[in-house]
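Basis for what follows: all heavy atoms, side chains included, without hydrogens, waters or symmetry-related copies.
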Amino acid sequence: PTSAMNQRPREVMSTPSRHEATDTSIREAIEVLLASERQHFGPESRSDVDNGQLVLEEDKGLLTDYFFHLMRQLKLCRFSEADRKTRGGKRENIAVGYGGLQCVHCADAPNSRKFFWSNVDRLANSFAEIPGHVLKCRRCPNSLKSALLE
């Protein structure tokens, strides 16, 4: 019987690296996301505040790529009386004009997805609704959904 100490170390077989393919697919995914942003928010010369963007280019260093591009799928919106009648009647105490977030893909649809939170705790507890919606949104292109999942 041979002990583990006396055994010759196994040679590690080299496996093909997928690192380059992964880097390429990530770059392609980011290009899809950037193209979508240009479509929804217009040329970079426009003011981010004027076009409703939630996160600014300078925020990129503060967030992961995923969260930066996920948040770019949303824009700022204001609560209207028409919003009160949606989402199971949970919006009876929200004042008209209250700030929220809206999916850029279905923003022009009659029942577009909007998010309004009354406090930080509610935001933290329900934040998963945002990627859940974007990944299921019928108006969000499949290429963009795939890019977010990359």
Side-chain angles (χ1 to χ4, degrees), residues 10-91 93-150:
R10 289 187 202 172
E11 290 184 31
V12 178
M13 294 186 65
S14 166
T15 56
S17 172
R18 289 189 38 144
H19 189 69
E20 287 182 354
T22 301
D23 286 349
T24 300
S25 62
I26 289 172
R27 277 194 300 276
E28 290 171 354
I30 289 174
E31 283 304 315
V32 168
L33 294 165
L34 292 173
S36 172
E37 290 170 18
R38 286 188 295 274
Q39 176 185 355
H40 290 286
F41 295 113
E44 293 177 33
S45 61
R46 292 180 56 196
S47 165
D48 291 328
V49 174
D50 291 342
N51 64 24
Q53 280 186 300
L54 182 61
V55 292
L56 308 177
E57 191 63 34
E58 59 259 26
D59 297 328
K60 196 170 189 172
L62 303 172
L63 302 166
T64 64
D65 284 344
Y66 173 76
F67 275 106
F68 178 79
H69 291 290
L70 174 65
M71 299 313 291
R72 298 284 280 218
Q73 307 314 303
L74 302 171
K75 67 180 185 177
L76 301 172
C77 68
R78 296 285 175 187
F79 188 80
S80 69
E81 197 58 48
D83 296 321
R84 194 172 308 285
K85 298 173 180 70
T86 62
R87 306 284 172 226
K90 297 178 184 177
R91 296 178 169 178
N93 295 326
I94 300 175
V96 171
Y98 187 78
L101 306 177
Q102 180 176 27
C103 173
V104 299
H105 304 286
C106 61
D108 59 348
N111 290 318
S112 64
R113 185 61 166 108
K114 296 180 181 179
F115 303 89
F116 298 98
W117 296 280
S118 56
N119 61 47
V120 173
D121 289 333
R122 289 187 185 242
L123 168 63
N125 291 329
S126 62
F127 191 82
E129 292 177 27
I130 293 172
H133 168 75
V134 172
L135 295 173
K136 291 179 183 174
C137 181
R138 292 180 183 169
R139 292 179 165 223
C140 180
N142 287 332
S143 59
L144 195 136
K145 293 175 188 180
S146 297
L148 281 171
L149 292 172
E150 186 60 42

Spacing of [X] atom [atom1] and [Y] atom [atom2] [to the nearest 0.5 Å]:
{"X": "Leu135", "Y": "Asn142", "atom1": "CG", "atom2": "CG", "value": "10.5 Å"}
{"X": "Phe68", "Y": "Leu54", "atom1": "CZ", "atom2": "CG", "value": "10.0 Å"}
{"X": "His105", "Y": "Arg138", "atom1": "NE2", "atom2": "CZ", "value": "15.5 Å"}

Report the residues that fulfil side chain to side chain donor-acceptor pair (under 3.5 Å) with Asn93, sequence neighbours left out, ordered by chain and then residue number.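 If we apply the side chain to side chain donor-acceptor pair (under 3.5 Å) test to Asn93, skipping adjacent residues, there are no hits.
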With sequence neighbours left out, write down each residue that passes side chain to side chain donor-acceptor pair (under 3.5 Å) with Arg78, or none if nothing qualifies.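 If we apply the side chain to side chain donor-acceptor pair (under 3.5 Å) test to Arg78, skipping adjacent residues, there are no hits.
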Can you see which heavy atom on Lys145 is nearest to which on Cys137, and at what distance?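 Answer, listing the atom of Lys145 first, then Cys137: NZ-O, 2.9 Å.
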Kindly give the heavy-atom pair with the smallest separation between Met71 and Leu101, and that separation in Å.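 In this case the closest contact between Met71 and Leu101 is CE-CD1, 4.3 Å.
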Go through the structure and list residues passing salt bridge (charged side-chain N to carboxylate O under 4.0 Å, His left out) with Asp121, not counting sequence neighbours.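 Salt bridge (charged side-chain N to carboxylate O under 4.0 Å, His left out) list for Asp121, sorted by chain: empty.
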A side-chain contact here means heavy atoms from C-beta on lying under 4.5 Å apart; do [X] and [Y] qualify?
{"X": "His69", "Y": "Leu148", "answer": "yes"}
{"X": "Asp83", "Y": "Ser80", "answer": "yes"}
{"X": "Gln53", "Y": "Lys75", "answer": "no"}
{"X": "Leu74", "Y": "Phe115", "answer": "yes"}
{"X": "Lys60", "Y": "Asp65", "answer": "yes"}
{"X": "Glu150", "Y": "Tyr66", "answer": "no"}

So does [Y] get a backbone contact from the side chain of [X], meaning a donor-acceptor N/O pair under 3.5 Å?
{"X": "Arg72", "Y": "Val55", "result": "yes"}
{"X": "Asn125", "Y": "Arg122", "result": "no"}
{"X": "Ser112", "Y": "Asp108", "result": "no"}
{"X": "Arg113", "Y": "Cys103", "result": "no"}

Just jot down the side-chain contact (heavy atoms from CB on, under 4.5 Å) partners of Cys77, sequence neighbours excluded, or say none.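 Residues passing side-chain contact (heavy atoms from CB on, under 4.5 Å) with Cys77: Gln102, Lys114, Phe116.
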Can you list everything that forms a side-chain contact (heavy atoms from CB on, under 4.5 Å) with Ser126? Sequence neighbours excluded, please.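 Residues passing side-chain contact (heavy atoms from CB on, under 4.5 Å) with Ser126: Trp117, Glu129.
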Start with the C-alpha gap between Arg91 and Tyr98, add the side-chain angles, then the distance that decides, and say whether side-chain contact (heavy atoms from CB on, under 4.5 Å) holds. CA-CA 11 Å; Arg91 296 178 169 178; Tyr98 187 78; over 6 Å; no
With sequence neighbours left out, which residue pairs that include part of residues 95-107 fulfil the salt bridge (charged side-chain N to carboxylate O under 4.0 Å, His left out) condition?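 Sorted pair list comes back empty.
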